[in-house]
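Model, not experiment: these values are computed from the prediction.
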Amino acid sequence: MKSNLLPEHRVCLLKSPADWKEIVRQGCRLLEKDGVTAAGFCQELIWQTERLGPYMVLADGFALPHLMSAELVHEAGFALMISPQPVDFLGEPVRAFLLMATPDASAHVNFLAKIADTLSEPQNLAGLLRGNRQVIEMLY
């Protein structure tokens with residue numbers, strides 16, 4: 001995998017909790033600034049999340065807000081936002097938000113499978129919630 005999928009500057013240990021939409025907006029700004037996504041990606045991601053509900057919570061304390069769009073995503077990429085305390089994500093307490101942007105179904109499915117496999121190990125989830133770089137690198 002390309003190491004630029006989740007560079008250091010897109011892994012953010014937040015100082016204070018915010019609401020989930022602001023956390024997602026912060027991650028989206030990082031993706032857009034790096035040219036991973038186009039303007040409009042964040043608005044669409046939030047809209048889809050509100051419409052579909054908290055199914056994006058894959059494990060205790062971990063959510064994967066994601067969007068596949070050939071129009072709004074220039075290349076696959078991630079941003080990881082970790083809150084010091086859980087925030088309400090559509091009724092679920094979440095600390096880690098891994099934003100995933102993919103331009104096509106193949107990349108989308110491959111990344112979902114890899115993330116689900118990595119997080120199936122409790123120690124990996126615990127490490128992710130602490131911001132452990134070794135665990136983070138296992139996600140992609």
Identify the heavy atoms of Ile115 and Leu64 that sit nearest to each other, and give their distance.
CD1-CD1, 4.0 Å
Do the side chains of Phe89 and Leu112 join up, straight or via other hydrophobic residues, at under 4.5 Å, putting them in one cluster?
no
Atom of Leu129, atom of Ala96 and distance for their closest heavy-atom approach
CD2-CB, 3.6 Å
Of all the heavy-atom pairs spanning His74 and Gly35, show the shortest one and how long it is.
CD2-O, 3.2 Å
Is any side-chain heavy atom of Thr102 less than 4.5 Å from a side-chain heavy atom of Glu75?
no
Is there a continuous path of hydrophobic side-chain contacts, each under 4.5 Å between heavy atoms, that joins Val87 to Val24?
yes
Taking side chain as C-beta onward, heavy atoms only, is Val135 less than 4.5 Å from Gln123?
no
Ring pair (Phe, Tyr, Trp, His ring centres under 6.0 Å) assessment of Phe62 paired with Phe97
CA-CA 6 Å; Phe62 176 83; Phe97 294 80; 8.8 Å; no
Any donor-acceptor pair under 3.5 Å from Arg10 side chain to Leu5 backbone
yes
Has the side chain of Asn124 got a donor or acceptor atom that lies under 3.5 Å from a matching backbone atom of Leu119?
no
Approximate separation, where rounding is to 0.5 Å, of Trp20 CH2 and Ile46 CD1
5.5 Å
His108 vs His66 aromatic rings, parallel, tilted or perpendicular, using cut-offs 30° and 60°?
tilted
I'd like to know if the side chain of Arg95 reaches the main chain of Ser83, judged simply by a donor and an acceptor atom lying under 3.5 Å from each other, with no hydrogens or angles considered.
yes
Would you indicate whether the side-chain heavy atoms of Met100 and Met68 approach each other to under 4.5 Å?
no
Nearest-0.5 Å distance, OG1 of residue Thr37 to CG of residue Leu30
9.5 Å
What do the steps show when you test Ile82 against Arg130 for side chain to side chain contact (heavy atoms under 4.5 Å, CB included), and what is the final call?
CA-CA 8 Å; Ile82 301 174; Arg130 288 190 312 275; over 6 Å; no
For Asn110 and Ser106, indicate whether the former's side chain and the latter's backbone hold a donor-acceptor pair under 3.5 Å.
yes
Are Ile23 and Val11 joined in one hydrophobic group, where the rule is that I, L, V, M, F, W and Y side chains link up if heavy atoms are under 4.5 Å apart?
no
Give a yes or no on whether Phe78 and Met81 share a hydrophobic cluster (residues Ile, Leu, Val, Met, Phe, Trp, Tyr; joining criterion: side-chain heavy atoms under 4.5 Å apart).
no
Any donor-acceptor pair under 3.5 Å linking the side chain of Asp34 with the backbone of Val36?
no
Out of curiosity, does Met56 fall in the hydrophobic cluster containing Val73 (side-chain heavy atoms, cut-off under 4.5 Å, transitive links)?
yes
Using a 4.5 Å cut-off on heavy atoms from C-beta on, say whether the side chain of Cys28 contacts that of Leu45.
yes
How about CD on Gln134, more than 12 heavy atoms from neighbouring residues, nucleotides or ligands closer than 6.0 Å, or not?
no
Leu80 and Cys12, any side-chain heavy atoms less than 4.5 Å apart:
no
Minimal heavy-atom distance between Pro93 and Pro86, with the atoms involved, is CB-CB, 3.9 Å
Is there a side-chain contact between Leu31 and Leu99 (heavy atoms, below 4.5 Å)?
yes
Salt bridge (charged side-chain N to carboxylate O under 4.0 Å, His left out), that's the test. Do Arg29 and Glu22 meet it? Break it down for me.
CA-CA 10 Å; Arg29 282 192 288 272; Glu22 183 52 34; 3.0 Å; yes
For the residue pair Ser69 and Leu72, what are the closest heavy atoms and their distance?
OG-N, 2.9 Å
Taking atom CG of Asp60 as the centre, does the number of heavy atoms from other residues, nucleotides or ligands within less than 6.0 Å exceed 12?
no
With a 4.5 Å cut-off on side-chain heavy atoms, are Leu98 and Pro65 touching?
no
Any side-chain heavy atom of Pro122 within less than 4.5 Å of one from Leu125?
no
